[in-house]
Amino acid sequence: MSEEDEAAIGSDARRGSGPGGAAEGAADSAAADFIRERIAADQASGKWGGAVRTRFPPEPNGYLHIGHAKSICLNFGVAEEFGGSCNLRFDDTNPVKEDVEYVDSIQDDVRWLGFDWEDRLYFASDYFEQLYEFAERLIRDGKAYVDSLQREQVGEYRGPWNEPGKESPYRDRSAEESLDLFRRMRAGEFEDGEHVLRARIDMTSGNMNLRDPVLYRIRRAHHHRTGDRWCIYPMYDFAHALSDSLEGITHSLCTLEFEDHRPLYDWFLEQLEVDVHSQQIEFARLNVNYTILSKRRLLQLVEDGDVEGWDDPRMPTLRGMRRRGYTPEAIRDFCTRVGITKRKGTVDVGLLEHCQRDHLNRVAPRAMAVLRPLKLVIENYPEDQVEELEAINNPEDPSAGTRKVPFSRELFIEREDFMEDPPKKFFRLAPGREVRLRYAYFVTCREVVKDAAGEIVELRCTYDPETRGGDAPDGRRVKATLHWVSAAHARTAEVRLYDRLFQVEDPSALEDFKQALNPDSVEVLRGCRLEPSLTGHPVGANVQFERQGYFCPDTTSTAEEPVWNRTVSLRDSWARAQKRGG
RNA sequence: UGGGGCGUCGCCAAGUGGUAAGGCUCGAGACUUUGGAUCUCGCAUUCGGGGGUUCGAAUCCUCCCGCCCCAACCA
């Protein structure tokens, strides 16, 4: 979106390079998708005078999710790449479902994702007066009429796919009569549902959208922007096509289910002889396995309390992902890697996770945190001594520098880093075995202390003072390096580990998608110990807990009671090997 | 059943008549003070199927099969 970015948009700067020079890790010069090819062709042929104007047209009836991100990246991305612009337009033609809560959150989410519509914020409702004029014109031209059939009758007359529909007895109403009725509809003289304005197209068309589609319905509902000024509201097809035209949209990109609406879209623009006949192009919407991307169903989860809200970290909403710690860079990278085609498919969440790890690996500072603490006492380490050991903040980024981490006689290590009776390939701590404590010393386990119940409560170890920093002067090697935290200096925190919200790949295929909800989608760990440098870490700021994953403080986190979310775990080849081996 | 689309590796996805890119996943190895990262190597004789055209087809023709969307006064 910046000037530099636009300047950098060469003929093949198709992918990646979102705002802020985002997706560096993404494919460099990948082939353009069919939409970009088409736009490039239009630009080359001089159609539209080389202009490219797109729009992202959400209906403010829910929160944006990862599926919308694909569309946002496409629309804003294409505009940016071709030196055009992208509008943010709310498709707010159905007041009973829409709310300002959503228009606010949507703007916030689009901005967070990294896109800027500058002063081009529009609402279909801003065009209500113009749309009304267009409607009157259609009536005057004999291309639309007021129908007074009952709602159910309209459906019956439309007929089934395989037979032609029946024309409404009101279809031949004179233009004058229809015009009068339509004006009175607007004036509020009729009850909801009493009349409807329909286009006069073709009741025998194989395309149901052309069987005299409804243009306006009477709906006495308070609109979030126009209040009670209107009691008739335009339908999507009519409003959308004309809003696009009014805004001078050159390429109107939408999802596949609108493919057979295109003839209707074109019909409106042709009949009304508008200046700009926008081109609608359809692409496949995004699907991700183990989740659900349906505003209706997501709303249900929220309303039924299956999740904490729209921003629950397990939700595929942009809000939820943001709270969980997902970054705009990763989401944008994901969207470009997924591509744009007309094939419906389902992308593996693994790709999303990979994109997130890829980004965070490069930018997230490292720290040590023990999630399931096991006390480790170094018997030969001085009782009251404390050393400040130097640790690297990010091995992938030398400029991130180093920090000091306190080390003392009593530490905590991860419970799963010790096994009393280790299997063959287990390299971590075990009785009599020596391992390295990261950035500290080599320690050897001398004794395992258990409580009455036989539970391991403490490990007694000895350390080798010669190995300070983590290297043995005699060249001695260890097979494992463990993270740790000094017991006296550690900060206690709650950590939430998230797993997929659903346990089946395609919950929407089920009769009741809720049956597939994963009962273990969140595991709350209390009493976790964090290294002191993490104290007061800002909400949402990502850090890698070494050997474990990427985490960030939750929105509910406070200085007194820190709460961290795991965004995504690190790849764990040990865990995978174990799983594989049964 | 009428209309509109889509079928290339487990998942995405290039390919547009010249002899199957890439990413993710997965497997093997190297390296490693994160069993992370990185690095090497491997992973479709075959493009939903059958015919045909052609010196040559995933790409052209043809027939068939499969899947998705559409009968809201939702978007």
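Just so we're on the same page: letters track the sequence lines, and every chain starts at 1.
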Under 4.0 Å, heavy atoms only, any strand: does A/Phe258 hit a base, just the sugar-phosphate, or nothing? base
How far apart are the closest heavy atoms of A/Ser178 and A/Ile139, and which atoms are they? CB-CG2, 3.6 Å
Do the side-chain N and O atoms of A/Glu247 and A/Asn87 include a donor-acceptor pair separated by under 3.5 angstrom? yes
Got a list of protein N/O to nucleotides 28-31 of chain B N/O distances below 3.5 Å?
none

Residues at least two apart in sequence or cross-chain that pass ring-ring contact (aromatic ring centres under 6.0 Å, His included) with A/Tyr145, listed by chain then number, are none
Is A/Glu37 touching bases, backbone alone, or none of the nucleic acid, heavy atoms closer than 4.0 Å? base
Nucleotide N/O to protein N/O under 3.5 Å, stretch nucleotides 38-43 of chain B:
none

Check nucleotides 1-3 of chain B against the protein and report each pair of N or O atoms closer than 3.5 Å, with its distance, or say if there are none.
residue	atom	partner	partner atom	Å
B/U1	O2	A/Asn162	OD1	3.4
B/U1	O2	A/Asn162	ND2	2.5
B/G2	N2	A/Gly206	O	3.0
B/G3	O4'	A/Gly206	O	3.4
B/G3	N2	A/Asp260	OD2	2.9

Applying a 4.0 Å non-hydrogen cut-off, can you work out what A/Phe238 is touching in the nucleic acid: base, sugar-phosphate, or nothing? nothing
Name each donor-acceptor pair under 3.5 Å that joins a side chain in residues 148-160 of chain A to protein atoms two or more places apart or in another chain, with its distance.
residue	atom	partner	partner atom	Å
A/Ser148	OG	A/Arg173	NH2	2.3
A/Ser148	OG	A/His195	ND1	2.7
A/Gln153	OE1	A/Gln150	N	2.8

The criterion is side-chain hydrogen bond (donor to acceptor under 3.5 Å, both in side chains); which residues satisfy it with A/Arg529, sequence neighbours excluded? none
I'd like to know if the side chain of A/His223 and the backbone of A/Asp92 have a donor-acceptor N/O pair within less than 3.5 Å. yes
All side-chain hydrogen bond (donor to acceptor under 3.5 Å, both in side chains) counterparts of A/Glu191, not counting sequence neighbours: none
Residues two or more places apart in sequence or in another chain: which of them pass side-chain hydrogen bond (donor to acceptor under 3.5 Å, both in side chains) with A/Ser105? none
side-chain contact (heavy atoms from CB on, under 4.5 Å) with A/Arg415: which residues, sequence neighbours excluded? A/Arg372, A/Leu374, A/Glu455, A/Ile456
Centre of A/Phe123's six-membered ring, under 6.0 Å away, within 45 degrees of the axis: is that where NZ or CZ of A/Arg225 sits? yes
What nucleotide, of B/C73, B/A75, B/U34, holds the atom closest to the side chain of A/His261? B/A75
Nearest to the side chain of A/Leu351, heavy atoms from C-beta on, is which of B/G23, B/A75, B/C73? B/G23
Sugar-phosphate only, base, or nothing, as touched by A/Glu416 at under 4.0 Å among non-hydrogen atoms: nothing
Restricting to nitrogen or oxygen on both sides, can you table the protein-nucleotides 5-9 of chain B pairs closer than 3.5 Å?
residue	atom	partner	partner atom	Å
B/G5	O2'	A/Glu259	OE1	3.4
B/G7	OP1	A/Arg343	NE	3.0
B/U8	O4	A/Arg343	NH1	3.2
B/U8	O4	A/Arg343	NH2	2.9

Does the A/Tyr216 side chain pair with the main chain of A/Tyr132, one donor and one acceptor, at a distance under 3.5 Å? yes
Pairs under 3.5 angstrom only: tabulate donor-acceptor contacts from the side chains of residues 342-354 of chain A to other protein residues two or more places apart or in another chain.
residue	atom	partner	partner atom	Å
A/Lys342	NZ	A/Glu259	OE2	2.5
A/Asp348	OD1	A/Gly350	N	2.7

Checking A/Gln300 now: which residues fulfil side-chain hydrogen bond (donor to acceptor under 3.5 Å, both in side chains) with it, not counting sequence neighbours? none
Nearest-neighbour nucleotide for the A/Val154 side chain, B/G35, B/U34, B/C73 considered: B/C73
